[in-house]
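Everything on this sheet refers to the single structure shown next.
Everything quoted here is computed from the prediction, not taken from an experiment.
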Amino acid sequence: MWNLIGFLAATLTMFSFLPQIIKVWRTKSAKDVSIVMLLQLSAGVSLWIVYGLYLKSPVLIMANSVTLLSMIILVWLYVKYR
């Protein structure tokens, strides 16, 4: 039961920025995206990866790595379409 909850939480977190990425990509506009939020969340997710490495927790490492990748894509789109 707890593993399922953890898996669902990780999946929702990993793909939480996918709708925003799709919207920015389709509209070619990032005017409603906050770069401060993106950078702050990217820093926090990076620290979660470091913490996951310390704990040797594959779930923390993988979920936050995928989330960080989506954040990097969104920052790139922000720079490209602002």
Side-chain angles (χ1 to χ4, degrees):
M1 170 79 168
W2 291 111
N3 285 335
L4 177 61
I5 290 172
F7 175 78
L8 290 173
T11 302
L12 289 170
T13 302
M14 285 188 297
F15 299 108
S16 63
F17 283 92
L18 191 57
Q20 188 70 56
I21 290 169
I22 292 169
K23 181 181 178 188
V24 171
W25 182 267
R26 284 185 180 164
T27 64
K28 308 284 191 258
S29 173
K31 68 179 181 175
D32 295 330
V33 177
S34 168
I35 190 66
V36 174
M37 183 274 302
L38 291 177
L39 296 176
Q40 182 178 349
L41 190 55
S42 294
V45 168
S46 297
L47 291 174
W48 274 113
I49 294 169
V50 171
Y51 185 60
L53 290 168
Y54 170 74
L55 294 178
K56 297 180 177 139
S57 171
V59 172
L60 280 177
I61 297 165
M62 169 122 86
N64 287 291
S65 294
V66 171
T67 304
L68 183 60
L69 177 61
S70 68
M71 299 301 300
I72 290 168
I73 292 169
L74 198 47
V75 168
W76 175 74
L77 289 170
Y78 177 87
V79 170
K80 184 174 180 173
Y81 295 126
R82 64 184 161 119

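- The shortest heavy-atom contact between Tyr78 and Val33 is CE1-O, 3.4 Å.
- Atom-to-atom distance recorded for Leu41:CG and Leu68:CG is 9.0 Å, nearest 0.5 angstrom.
- Of the candidates Thr67, Leu8, Val66, Thr13 forms a side chain to side chain contact (heavy atoms under 4.5 Å, CB included) with just one, namely Thr67.
- Taking the six-membered ring where tryptophan is involved, the planes of Tyr51 and Trp48 are perpendicular, since the angle between them exceeds 60° and thus also 30°.
- Phe7 and Val59 fall into different hydrophobic clusters, defined by Ile, Leu, Val, Met, Phe, Trp and Tyr side-chain heavy atoms under 4.5 Å apart, directly or through other members.
- The two residues Met14 and Met62 make their nearest non-hydrogen contact at SD-O, 4.2 Å.
- Annotation: cation-pi pair Lys23/Trp25 absent, no NZ/CZ under 6.0 Å from the ring centroid and within 45° of its normal.
- Cluster membership for Val45 and Leu53, using ILVMFWY side-chain heavy atoms within less than 4.5 angstrom, is shared.
- Met37 and Ile35 fall within a single hydrophobic cluster, where Ile, Leu, Val, Met, Phe, Trp and Tyr are joined by side-chain heavy atoms under 4.5 Å apart, directly or via other members.
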Between Ile72 and Ser42, does a side chain to side chain contact (heavy atoms under 4.5 Å, CB included) hold up when you go through it step by step?
CA-CA 8 Å; Ile72 290 168; Ser42 294; 5.7 Å; no
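- One hydrophobic cluster, built from ILVMFWY side chains closer than 4.5 Å, holds both Tyr81 and Ile73.
- Distance check: Gln20 CD to Asp32 CG gives 8.0 Å after rounding to the nearest 0.5 Å.
- Of all heavy-atom pairs between Gly52 and Leu60, the closest is CA-CB, 3.8 Å.
- Residue-environment remark: NZ (Lys28) exceeds the threshold of 12 foreign heavy atoms within 6.0 Å.
- No path of Ile, Leu, Val, Met, Phe, Trp and Tyr side chains, each step under 4.5 Å between heavy atoms, connects Phe15 with Leu77, placing them in separate hydrophobic clusters.
- When all heavy atoms are compared, the tightest approach of Ser70 to Ile21 is O-CD1, 3.5 Å.
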